[in-house]
Structure formats: structure tokens, C-alpha cells
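One structure is given below, encoded as C-alpha cells.
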Amino acid sequence: DVLAACTDGEVVVIGGDADAGKSTKWVVFKRSTQVFNASYGVTFKNYILGIAVYNADIFNVNFNGLLPAFLHFNADYSVTPLRFNASQFYGTKLNSLITPNVPELKFDYNSAFQASTLSYVVLQSQQTNLTISGANMWTGCTSLTSFTLPPNLTSLTINGGSTWNSCSSLTSFTMPPNLTSLTIG
């Protein structure tokens, strides 16, 4: 009932004293086919503490430099391919990236997660071929300790350049068990 009264992309203030900056703000993404074309800049920079996505395509929403600590997708997320835009999460405070098990992931835009505070990444997908063509995809994620590729991959191509450059804490990298082709450009 609460979501029904909200508009897509609307910033909803819940409780507290909005004038004193002591309220919780939520950005509502509610339609399964909605494509958002918005950028939440300095006005909301200190208020977006997390992102929960329910079947929304967030490709055109720029969270660059914001402070969200989490990015969660609903368990039966169905927007495919799941893509991340250029510098979309650059410098964010995300702790983890766990993609939903979608038919296809695409990493074809530069610097999507560069310099974020990710500590682990788990890529889930049903696809057997994956190409990471965006440059600097996870460059400078100095807190990144663990990275897991989709389990069904048989072919992986990395040609974006500097994909994990300066990921100085990366100690665990899980390759899929049936990977037969690895191409690094």
C-alpha cells in the first residue's frame, strides 16, 4: 500500500526531523520494466545508505561517489542482461556485490566499480560465456579480498584492461570448475 502511493524514482522521507537532516530517505524503484534516467547527486549524497532493487533496471542511475553500504537485488530478479554503466558505483562505500542468478551479466562499460570499498564480489549467472570488456572495472578496490566468477562459465574473456589493478587485498579468486577457455587481451 505504501509503495502504491509512491512514484517511480521518488525520494521518500520516513520519520525523524527532515529539517535537521535526521530522517531516513528512500528512493523508490517499483516497476519491473522501469528504466531510470536519473542521477542522484549532492542533494542526496549523504542520505542514500543502501540500494534495494526489485526487478528494476538501474543501468542509467548513477551512484558515483555516494555512500551506500549495500546493493541488494530480489531473489527472483529478472531484468536481463544485468549491466553496470560507466563509473556507476565509482568510489561508493559498497561492502559487497552479489549479483542475482540472471541469464546474462555484462561488464562492458569502464570503471563501473572502480575505487569502491567492496570486500567481496560474487557473480552469479546462468551464462556459459562471459566477456569483461570495460576497462578498470574493479581497479583501486583496495579492500577487495574475494572474487567469485559465475559457476557455469566455460569461456571467459577479459579484454578491458586493468580489470583488478591495485586490488592489493585480493587473496581469493574462484574460477568456475568447467572453465575451458580463458582469453586475456
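Since this is a predicted model, take the numbers as computed values, not measurements.
Between F113 and F84, the ring center distance clears the sub-6.0 Å criterion.
Side chains of N178 and P176 form no contact here, defined as non-hydrogen atoms less than 4.5 Å apart. At least one side-chain heavy atom of S116 sits less than 4.5 Å from a side-chain heavy atom of C141. Contact check for L82 versus V79: no side-chain heavy atoms found under the 4.5 Å cut-off. Between I51 and F63 there is a side-chain heavy-atom pair separated by less than 4.5 Å. Inter-residue side-chain proximity for K106 and P81 is flagged as met; some heavy-atom pair is nearer than 4.5 Å. When side chains are defined from C-beta on, I132 counts as touching W164, because their heavy atoms get closer than 4.5 Å. In this structure, the side chains of V53 and H72 stay at 4.5 Å or more apart for every pair of heavy atoms. With a 4.5 Å cut-off on side-chain heavy atoms, S181 and T154 do not count as touching.
Rounding to the nearest 0.5 Å places CG of L149 at 8.0 Å from OG1 of T174. A distance of 9.5 Å separates CG of N129 from CG of L156, quoted to the nearest 0.5 Å. Atoms OG and CG, on S78 and N55 in that order, are 3.5 Å from each other to the nearest 0.5 Å. With values rounded to the nearest 0.5 angstrom, M137 atom CE is found 12.0 Å from C167 atom SG. Put simply, CG on L144 and OG on S169 are 8.0 Å apart, with the number rounded to the nearest 0.5 Å.
Ring orientation note: the planes of W138 and F147 are nearly perpendicular, at an angle over 60° on the 30°/60° scale. Under the 30°/60° scheme for interplanar angles, the aromatic rings of Y77 and F73 are found to stand perpendicular.
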Problem set entry | Worked check of side chain to side chain contact (heavy atoms under 4.5 Å, CB included) between Q124 and L105 | CA-CA 8 Å; Q124 302 176 95; L105 294 170; over 6 Å; no
For this session: Evaluate the side chain to side chain contact (heavy atoms under 4.5 Å, CB included) criterion for residues N60 and N85: first the C-alpha distance (whole Å), next the side-chain angles of each, then the deciding distance (0.1 Å), finally the verdict.
Result: CA-CA 7 Å; N60 288 319; N85 210 337; 3.6 Å; yes
Exercise. Passes side chain to side chain contact (heavy atoms under 4.5 Å, CB included), T117 versus T92? Steps please.
Worked result: CA-CA 7 Å; T117 60; T92 60; over 6 Å; no
Exercise. Can you check side chain to side chain contact (heavy atoms under 4.5 Å, CB included) on Q127 and N152, steps first, answer last?
Worked result: CA-CA 6 Å; Q127 70 200 77; N152 294 329; over 6 Å; no
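Y120 and F70 fall into different hydrophobic clusters, where Ile, Leu, Val, Met, Phe, Trp and Tyr are joined by side-chain heavy atoms under 4.5 Å apart, directly or via other members.
When each of T163, T131, L123, I158 is checked for a side-chain contact (heavy atoms from CB on, under 4.5 Å) with F107, only L123 meets the rule. Applying side-chain contact (heavy atoms from CB on, under 4.5 Å) to I98 and the options L71, V122, T148 leaves one that passes, V122.
Sorted by first and then second residue, the salt bridge (charged side-chain N to carboxylate O under 4.0 Å, His left out) pairs with a member in residues 74-90 read R83-D108; sequence neighbours excluded.
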